[in-house]
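Right, one structure below, let's go through it.
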Amino acid sequence: AMTYDFGLREAGSSIVEASGGDLYICGYSRGYNPTVRKVFVMKLDGTGAVSWAKSFQTNDYVYLNEVISTSDGGVVVSGDGNPLDGSSDDDDLFLFKFDSSGNLVFQKTYSDDGWDEITAIGESADGGIYIMGSSDSCCFSAYDVFLLKLDSNGAIQWQNVAGQYTELETSEGWQNSDGSFTMIVENEFGISFTNDIMVVQTDPAGDIHDCPYYVPYTFTESNVAPT
């Protein structure tokens, strides 16, 4: 067993094994002041020794929630939380990519007018990145589900949302071999006002043909990130 201490109260959020047996871990740490938080990502070798570690200081509620390894040997980390520029109390989406040596490749923020949460990310077949999650910024329901498709540099290529005038939250998702996407969605006010499970299927361009309520989404991309 190995212990890793950043001098605060740490919580790991996600771990993934990369090629060669290395591990990537992301999470957050905080002191006794709950509004002072650090988020971190680190790479471990096959013995558990730290190859490199990166942390970012923030004074807001920011979480890193998932880490994935990429086919070029790098690592992508996703998160969400209050805007890092202090512009509002709504939650934004964050994405960081590092190469295998820990050098920052890009850092992105994706923001809209509401509360947003990432529930799944992955590397797409073309080497880009897809992000799935939930948001309350669209008019269709209290919470809708969204799908963002990014290129390999984190730039938005397209974005869509699905809603049914109810409470929808994405729990899992992936890209299929034909390029389409599947999202597993929890409908909190389904048939007879009980929780239902929905399977949302898109084509490779993100179009949801079997859902009557879907529109292009309106996240705005920027380079604001923790310091």
Side-chain angles (χ1 to χ4, degrees), residues 12-27 39-46 51-54 56 63-81 92-111 116-135 145-162 170-185 199-208 216-217 219 221-223 225-226:
S13 302
S14 179
I15 184 171
V16 65
E17 183 177 7
S19 59
D22 294 331
L23 298 175
Y24 290 108
I25 301 175
C26 73
V39 293
F40 67 84
V41 56
M42 60 183 180
K43 180 181 180 179
L44 312 179
D45 65 19
S51 299
W52 53 261
K54 304 290 183 180
F56 304 92
Y63 298 87
L64 296 185
N65 48 35
E66 190 163 358
V67 58
I68 62 169
S69 59
T70 55
S71 56
D72 59 3
V75 58
V76 172
V77 186
S78 68
D80 47 59
D92 288 344
L93 311 178
F94 311 112
L95 208 66
F96 308 88
K97 182 173 182 179
F98 301 89
D99 64 21
S100 59
S101 299
N103 299 308
L104 184 65
V105 177
F106 67 75
Q107 53 190 25
K108 295 288 186 180
T109 296
Y110 308 96
S111 58
D116 309 304
E117 179 185 30
I118 295 176
T119 52
I121 67 169
E123 184 177 28
S124 55
D126 61 1
I129 301 163
Y130 60 84
I131 302 176
M132 300 174 181
S134 304
S135 176
V145 295
F146 63 80
L147 171 60
L148 274 72
K149 175 63 175 65
L150 315 176
D151 65 18
S152 59
N153 295 312
I156 297 174
Q157 294 180 307
W158 50 258
Q159 46 190 320
N160 282 324
V161 62
T170 306
S171 60
E172 191 176 358
W174 57 85
Q175 185 177 33
N176 303 299
S177 58
D178 63 356
S180 64
F181 295 89
T182 298
M183 291 187 287
I184 307 301
V185 177
V199 178
V200 177
Q201 185 78 28
T202 81
D203 64 16
D207 291 336
I208 308 170
Y217 217 52
F219 280 102
E221 168 196 336
S222 67
N223 292 314

Discussion item. Could you report the tightest heavy-atom contact between I121 and E66, atom names first, then the distance?
Written reply: N-OE1, 3.5 Å

Worksheet entry | Considering all heavy atoms, the nearest Q201-S180 contact | NE2-OG, 3.0 Å

Fill in: Close side-chain approach of F94 and V77, heavy atoms under 4.5 Å
no

Item to complete: Decide side chain to side chain donor-acceptor pair (under 3.5 Å) for S78 and N65; before the verdict, give the C-alpha distance in whole Å, the side-chain angles of both, and the deciding distance to 0.1 Å.
Response: CA-CA 6 Å; S78 68; N65 48 35; 2.8 Å; yes

Fill in: side-chain contact (heavy atoms from CB on, under 4.5 Å) between F146 and I131, intermediate numbers included
CA-CA 8 Å; F146 63 80; I131 302 176; 4.1 Å; yes

Fill in: Pairwise side-chain contact, T70 with K97, heavy-atom cut-off 4.5 Å (strictly under)
yes

Worksheet item: Can you tell me how far CG of L147 sits from CD of Q175, rounded to the nearest 0.5 angstrom?
Response: 9.5 Å

Worksheet entry | Member of V16, V76, L44 meeting the side-chain contact (heavy atoms from CB on, under 4.5 Å) criterion with Y24 | V16

Worksheet, complete the sentence: Shortest non-hydrogen pair, N160 vs G206, comes out as ND2-O, 2.9 Å

Discussion item. Between K149 and D126, is the side-chain contact (heavy atoms from CB on, under 4.5 Å) condition met? List the steps.
Written reply: CA-CA 11 Å; K149 175 63 175 65; D126 61 1; 3.1 Å; yes

Practice prompt. List the atom of W52, the atom of D99, and the distance in Å for their closest heavy-atom pair.
Written response: CZ2-O, 3.8 Å

Worksheet entry | Interatomic distance, D151 atom CG to W158 atom CH2 [nearest 0.5 angstrom] | 13.0 Å

Discussion item. Could you measure the distance from the CD1 atom of I156 to the NZ atom of K108? Nearest 0.5 Å is fine.
Written reply: 9.0 Å

Worksheet entry | Reported CD1-to-CG distance for the pair I129 and N153, which is rounded to 0.5 angstrom | 9.0 Å

Response to the item:
Here the gap from F96 atom CZ to K54 atom NZ, rounded to the nearest 0.5 Å, amounts to 13.0 Å

Worksheet item: What heavy-atom pair brings G127 and S152 nearest, and what distance separates the two atoms?
Response: O-CB, 3.6 Å

Item to complete: Heavy atoms only: give me the nearest T182-M132 pair and the separation to one decimal.
Response: O-CE, 3.7 Å

